[in-house]
Amino acid sequence: MWRCSCGGLLDLDGVRAAYEGFVAGDGPWSLWRYRAALPTIDGWEAVSLGEGMTPVAALRPGVTVKLDFLMPTLSYKDRGAVVLVAHAAALGVRRVVADSSGNAGTAIAAYARRAGIEAEVFVPAATSAKKVAQLQHYGATVRQVPGERAAAAEAAIDRVESSGAFYASHVYNPLFFQGTKTFAFELWEQHGGRLPSTVVLPAGNGTLLLGAAAGFTELVAAGLAARAPRLVAVQAQRCAPLGAAWRGQPPAAVEPTVAEGIAIAHPPRLAAMLAAVVASGGRVVEVSEEAIARARTGLAAAGIDVEPTAAAAWAAVDHLDEGESDGGVLVALSGAGLKAPAA
Ligand SMILES: *Cc1c(COP(=O)(O)O)cnc(C)c1O
């Protein structure tokens, strides 16, 4: 079951997080050191590839980046994929279906392969060739669907409905967000038990945004942090449904953007994404194609090569005002440059 019979989204309730487990800073050198704050998943050790514990680097005074693309499949999606696939494996699932602009499907394919699960992944026909090659290397059956990102999602859902396969959706399955929560926990630990005042994240379907927001909220609820950071969600000007919702306007027509990982015209969890941004006291920043290209080059000049979607988050730093920068800014860098064509 991947959504409610009424068509609504499923969320997890009643995950009893125990923080003592990682306050001590022990446990494996991977996101599984925070497993006391995750749902219990038997056999995760056999699925894990040591993901997480990605480095942070200070690029400017007061501005730090978290190199969250330094993951087994080169994007932060491994955080959610390992939790989701380990859960599927524990349930005895043999076949999964996923849809993706590339990176989520790649992450699901890698962990599924490791767990001995067959994966069929639907991607838009325009997905970067390198992401498709990566999917093929992991042994996934790749279905390239003409049209926009939504067409790939529809094709995957049709397949799930007709075949009865497990829908390993990073958007619908709430286990995925349990994995992305660990982004917040790592930040907290890496900053010696403190949090930056502003965190800048790319947002398409909101899997990093919502996971990080949940993690920060849990840290505050557990008394481990005084306040959660304000969340600055970054979208491409050409595809900004969250930006429109933030401004209280109807969504504008969507155009293709080089930031393929956040090119989501109708994110199913839009209301929750907006609520998370508002609750944090943050906002939505929209960046132009030119700014994304400049940001990619600028990061490379600092020694960091990311894909355009990740560069979009860096482009947003120029939009922050003094109040937002006070107390430290952390920017999530979500996908590796090797996944995208040369700039
Ligand atoms: C998936 C992805 C994003 C956006 O994640 P959403 O869950 O769609 O908000 C950002 N950057 C990269 C590199 C991605 O692969």
Side-chain angles (χ1 to χ4, degrees), residues 9 54 65-81 84 98-110 121 123-124 127-128 130-132 134-135 148-150 152-153 169-181 183 199-214 231-236 239-243 245 254 257-270 272-274 276-277 284-285 287 292 295-296 299 304-316 331-340:
L9 297 158
T54 57
V65 292
K66 186 161 170 63
L67 281 61
D68 227 36
F69 58 90
L70 294 178
M71 287 281 187
T73 78
L74 301 180
S75 89
Y76 83 88
K77 296 273 185 353
D78 292 358
R79 293 187 186 279
L84 176 50
D99 56 276
S100 163
S101 64
N103 289 339
T106 304
I108 295 286
V121 181
V123 297
T127 296
S128 293
K130 290 174 181 176
K131 294 182 184 176
V132 174
Q134 216 184 345
L135 276 164
E148 289 180 11
R149 172 69 181 81
S169 169
H170 60 299
V171 185
Y172 287 98
N173 194 308
L175 265 296
F176 197 92
F177 299 81
Q178 291 294 312
T180 53
K181 236 167 60 168
F183 176 87
V199 172
V200 181
L201 306 156
N205 274 310
T207 64
L208 184 56
L209 173 70
L210 291 171
L231 300 174
V232 174
V234 183
Q235 298 215 289
C239 184
L242 181 62
V254 162
T257 167
V258 68
E260 63 184 8
I262 49 174
I264 309 293
H266 303 287
R269 294 186 187 268
L270 183 69
M273 292 162 69
L274 181 61
V277 170
V284 181
V285 169
V287 294
I292 294 169
R296 188 177 186 199
L299 276 174
I304 299 174
D305 184 29
V306 296
E307 66 173 287
T309 306
W314 182 247
V331 184
L333 296 181
S334 50
L338 288 175
K339 284 172 170 282

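Nothing fancy with the numbering, it's 1 onward along the sequence. Whatever order the structure lists ligands and atoms in, that order sets their numbers, starting from 1.
Nearest heavy-atom pair across Ala212 and Phe183 is CB-CD2, 4.0 Å. Minimum heavy-atom separation, Asn205 to Pro268: OD1-CD, 3.4 Å. Of all non-hydrogen atoms in Leu210 and Ala272, the two that sit nearest each other are CD2-O, 3.5 Å.
At a threshold of 4.0 Å, the pair Lys131-Glu307 counts as salt-bridged, since one of the basic side-chain nitrogens sits closer than that to a carboxylate oxygen.
The shortest distance between side-chain heavy atoms of Cys239 and Ile262 does not fall below 4.5 Å.
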Distance dump, ligand 1 polar atoms to protein, N/O, under 3.5 Å:
| from | atom 1 | to | atom 2 | distance (Å) |
| --- | --- | --- | --- | --- |
| ligand 1 | 5 (O) | Tyr76 | OH | 2.8 |
| ligand 1 | 7 (O) | Tyr76 | OH | 3.2 |
| ligand 1 | 7 (O) | Gly206 | N | 3.4 |
| ligand 1 | 7 (O) | Thr207 | N | 2.7 |
| ligand 1 | 7 (O) | Thr207 | OG1 | 2.5 |
| ligand 1 | 8 (O) | Asn205 | N | 2.7 |
| ligand 1 | 9 (O) | Gly204 | N | 2.7 |
| ligand 1 | 9 (O) | Asn205 | N | 3.2 |
| ligand 1 | 9 (O) | Gly206 | N | 2.6 |
| ligand 1 | 11 (N) | Ser334 | OG | 2.6 |
| ligand 1 | 15 (O) | Lys77 | NZ | 2.8 |
| ligand 1 | 15 (O) | Asn103 | ND2 | 2.7 |

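Under a 3.5 Å cut-off, the side chain of Lys130 and the backbone N or O of Gly337 do not form any donor-acceptor pair.
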